[in-house]
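Below is one structure; the comments refer to it alone.
Predicted, not measured: the structure shown is a model, and the values here were computed from it. Order of listing sets the numbers, starting from 1, for every ligand and every atom in it.
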Amino acid sequence: MQLTWLGHSCVLLTGSKKVLIDPFINSGSVAGTDPDIVAVTHGHADHLGEAVALNRKTVAITEIARYLKAKGLPAESMNIGGTIVVDGVSFTMTAAMHSSSIEEAGPGYSAGSPAGFVIGMDGVKIYHAGDTALFSDMKLIGDLYHPDIALLPIGGRFTMGTAEAMMAANFIGAKTVIPIHYNTWERIAADPVPFKKAIERTTDIKVQILKPGESIQTGS
Ligand code: NI
Ligand code: MN
């Protein structure tokens, strides 16, 4: 499987299927990624992003799925704690400590609760934390699902910063951590290098700092 960080929280997994998580980038469009499946962690515009325009099979919490269905999308609804398999790709929805809303004029839609995902494809498990504070049940995500890679927000202000993400990485225990949700804007500026050095000095976890658009290969 190939994992590409497109920027902010947007990650493309390319294996037997193409899965696009949180289809928002700060400039340009993710339309060219041509995903089979889109997964949305919560309703904020920097995560829901281009989900409606992409018009693909979209995995989201019940309330966001209802919104997407109203827009004509083939949405797959689920909720925190559940697992579904879509076209051979497994999606487990995990808790996130954050807020959620759909920012759109007109009749309001509830966005439900914010979430994260553990996504399993081609024998590799990826944990995308969504937007979240540190919470100790991340230990359960590690113990139950044993993700190979954890995508963790480090930008602070709206999510964990690097100090909290260090503890999150320890709780989750994935061999590889990739920082996300930072340096998109000044208000979530963060330096991933001291974060990487501190984790790699004190644990066996590797921190992979990617540039927007950069990929890594993982698994077979
Ligand atoms: Ni958010
Ligand atoms: Mn966000």
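- Taking the side chain as every heavy atom from C-beta outward, V89 and L13 never approach each other to under 4.5 Å.
- Residues P212 and I25 form no side-chain contact, since every pair of their non-hydrogen atoms from C-beta on lies 4.5 Å or further apart.
- Taking backbone and side chain together, D131 holds an N, O or S atom under 2.8 Å from the Ni ion (ligand 1).
- Protein N/O/S atoms found under 2.8 Å from the Mn ion (ligand 2), listed by chain and residue number: D46 OD2, H47 NE2, D131 OD2, H181 NE2.
- In this structure, H44 and H98 have perpendicular ring planes: the angle between them is above 60°, well past the 30° mark.
- The Ni ion (ligand 1) is closest to atom NE2 of H98 (considering only N, O or S atoms).
- No side-chain heavy atom of E76 sits less than 4.5 Å from a side-chain heavy atom of F91.
- In summary, the side chains of D122 and S16 do present a donor paired with an acceptor at a separation below 3.5 Å, with no hydrogens or angles considered.
- The side-chain heavy atoms of N55 and P74, taken from C-beta on, include a pair separated by under 4.5 Å.
- Distance check for H47 against the Ni ion (ligand 1): none of its N/O/S atoms falls below 2.8 Å.
- Closest to the Ni ion (ligand 1) among the N, O or S atoms of H44 is ND1.
- There is a side-chain donor-acceptor pair under 3.5 Å between D131 and H47.
- Side-chain N/O atoms of D22 and T41 include a donor and acceptor closer than 3.5 Å.
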